[in-house]
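Working notes for the structure below.
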Protein chains: 2
Amino acid sequence: MHAAERERRIFEALRPTGFVSYRDLEVLLDASPATIRRDLTRLEESGQIVRVHGGAKLPEGDDASGPRLMGTPFDQNITQNLGAKQAIGKAAAALCQPGEGVMIDGGTTTLQMCPHLDGLGLQVLTNSLHIVNALLPQAGTRILLPSGAVFREQNIILAPAGEESMPRFHAPRLFMGAAAIGPQGVMQADPVLVAAERRLIDRAEEVILLVDSSKFSTQSGTIVCGLDEIDTVITDSGIAPDMAAALQDAGVKLVVA
Amino acid sequence: MHAAERERRIFEALRPTGFVSYRDLEVLLDASPATIRRDLTRLEESGQIVRVHGGAKLPEGDDASGPRLMGTPFDQNITQNLGAKQAIGKAAAALCQPGEGVMIDGGTTTLQMCPHLDGLGLQVLTNSLHIVNALLPQAGTRILLPSGAVFREQNIILAPAGEESMPRFHAPRLFMGAAAIGPQGVMQADPVLVAAERRLIDRAEEVILLVDSSKFSTQSGTIVCGLDEIDTVITDSGIAPDMAAALQDAGVKLVVA
DNA sequence: CAATAAACGATCAATAGCAATCAAATATGA
DNA sequence: TCATATTTGATTGCTATTGATCGTTTATTG
């Protein structure tokens, strides 16, 4: 296989979550370790990726620093606070019990759970096509989808109002993202997301919110639910102490990844 | 072989993934290494391709057909009889009325309809994630999905038996693929596909079958339905005359793309 | 905090792709 | 028909890329 072809595959693997492991590449490229390392080194020197121990990731969301293909707002968000989101995703994945069924809401932070779910044999109900794509290579993970129409802005599946879209599903845990969180509760940028998430919340025993610390300083959006409906918040170390205290006062369990 | 003919073949090989290896060209063009290099040099000087060590690729930004991952049986099938499938897909798309709702079954032939559906403002119900991906860039096409579990072998959504997976949907036309077709009826390789397709058939006024002519000589599989349930068959000119006659005797309308 | 395993970088031989030159075949025009 | 121009094919070094094998560094786990 040739360098150009390998590069194409690397980016293809990199796009969904912003990260590829060295192991994945070994299988995907069918090339010797030395060659893979050389490819990664070259791509890093040209600024197109960032190497990390064990793989490579897309550069953190500084805009206009290279000829990367990212059109949708979603693709732009993937690289925002990528490191924090990866840590949060990993911590969230650690809460899943092998073999159980969980719900994962769409979002760039929840997306980062996916690489860590491999091998757990989970049953994942999600409304996000991005998450479907990320989970597709994991043979042991069962993917369930609700019915509905595809909403392109967020690449999620949206059921018509009042319609039963996921019959007979109930899960111990829902992992949810958000545009912002504050004392008023959890907020989303787009009102149509609110309806979708509310439906998920109603079907979960426990609601776990995944938000990087920048979401605590944003305030715009439509309210999804109050803090009383949230059981756990997973965030990064950038959270302000008073925010942490406020969450715990509201009875929310706080996990800092 | 003339230079023009070689150039045509080079682009043909280049289109699917955006890259051709020098080795591939050697087989494909049946020309001496020197000639191939000269062709590539010339095409690069005119800006139509970019040469890289070991082959050539399309210039950046010329991202007409997105890069696809090869390896699964599905991806291998895509290139089988591609020309015929494209023609069939185009003919099928021509049967769609602007603004109407249609159902499209998963398959490599039905997939070829997608490029021709842009601008029709259709409402497409499909169980195939491949078709979802193909339709995603078409802003005017509304995509509807049934609920269910993702079945990886074929990348389709499979509803649990007996469950209502697509409430309140009914379409004038179903476009369906098949593994084989003969006097006994329409066949699929995998029994799980049969259940999925049967459910679609029940919701359609008219069933249109898309099969390239090689499907007439295959005989293996599970029977999906008899010829009496098929209204129209679209195939390529490779169909044997006696087969064509048999279809028309069975009351099936035959379209040769 | 130490042990272990994985990932890393550097070096070197082998291979594959490359450019340049020249010879042969084919086309073109008087 | 002959001469000339253009295209194709073969040969020859040369360079780039690859894969294997080291020893070293870095995460991870108990």
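Throughout, a chain's letter reflects where its sequence line sits, starting with A, and its residues are numbered from 1.
Between A:Arg38 atom CZ and D:dT18 atom C1' the separation is 6 Å, expressed in whole Å. Nucleotide C:dC18 holds its C1' atom 12 Å from the CG atom of B:Leu40, rounded to whole Å. Atom CG of B:Asp39 is separated from atom C1' of D:dT8 by 10 Å (rounded to the nearest Å). If you take OH of B:Tyr22 and P of D:dA16, they are 18 Å apart, rounded to a whole angstrom. The interatomic distance linking B:Asp24 (CG) with C:dG17 (P) rounds to 10 Å, in whole Å. As a whole-Å value, the separation of A:Ile36 CD1 from D:dT17 C1' is 15 Å. Distance B:Arg6 CZ to D:dT7 P: 10 Å, rounded to the nearest Å. Atoms CZ (B:Arg37) and P (D:dT11) sit 15 Å apart, rounded to a whole Å.
One finds the CD1 atom of A:Ile156 at 12.0 Å from the CG atom of A:Leu145 (value rounded to the nearest 0.5 Å).
Of the candidate nucleotides D:dA20, D:dT8, C:dG17, D:dA20 has the atom lying nearest to any side-chain atom of A:Ala34. Counting only heavy atoms from C-beta on, A:Thr35 has its side chain closest to D:dG19 among D:dG19, C:dA7, D:dA10.
Comparing B:His53 and B:Pro33, the nucleotide of DNA chain D nearest to each residue sits closer to the 5' end for B:Pro33.
Residue A:Leu122 is tested with A:Leu117, A:Ile143, A:Leu135 for a side chain to side chain contact (heavy atoms under 4.5 Å, CB included); the sole match is A:Leu117.
Between the side chains of A:His170 and A:Glu205, a donor-acceptor pair is found at a separation under 3.5 Å.
B:Arg23 comes within 4.0 angstrom of sugar-phosphate atoms only, judged by non-hydrogen atoms across all strands, and of no base. Residue contacts shown for B:Arg42 are absent, as no nucleic acid heavy atom lies under 4.0 Å away.
With contacts defined as side-chain heavy-atom distances shorter than 4.5 Å, the pair A:Glu100/A:Arg173 qualifies.
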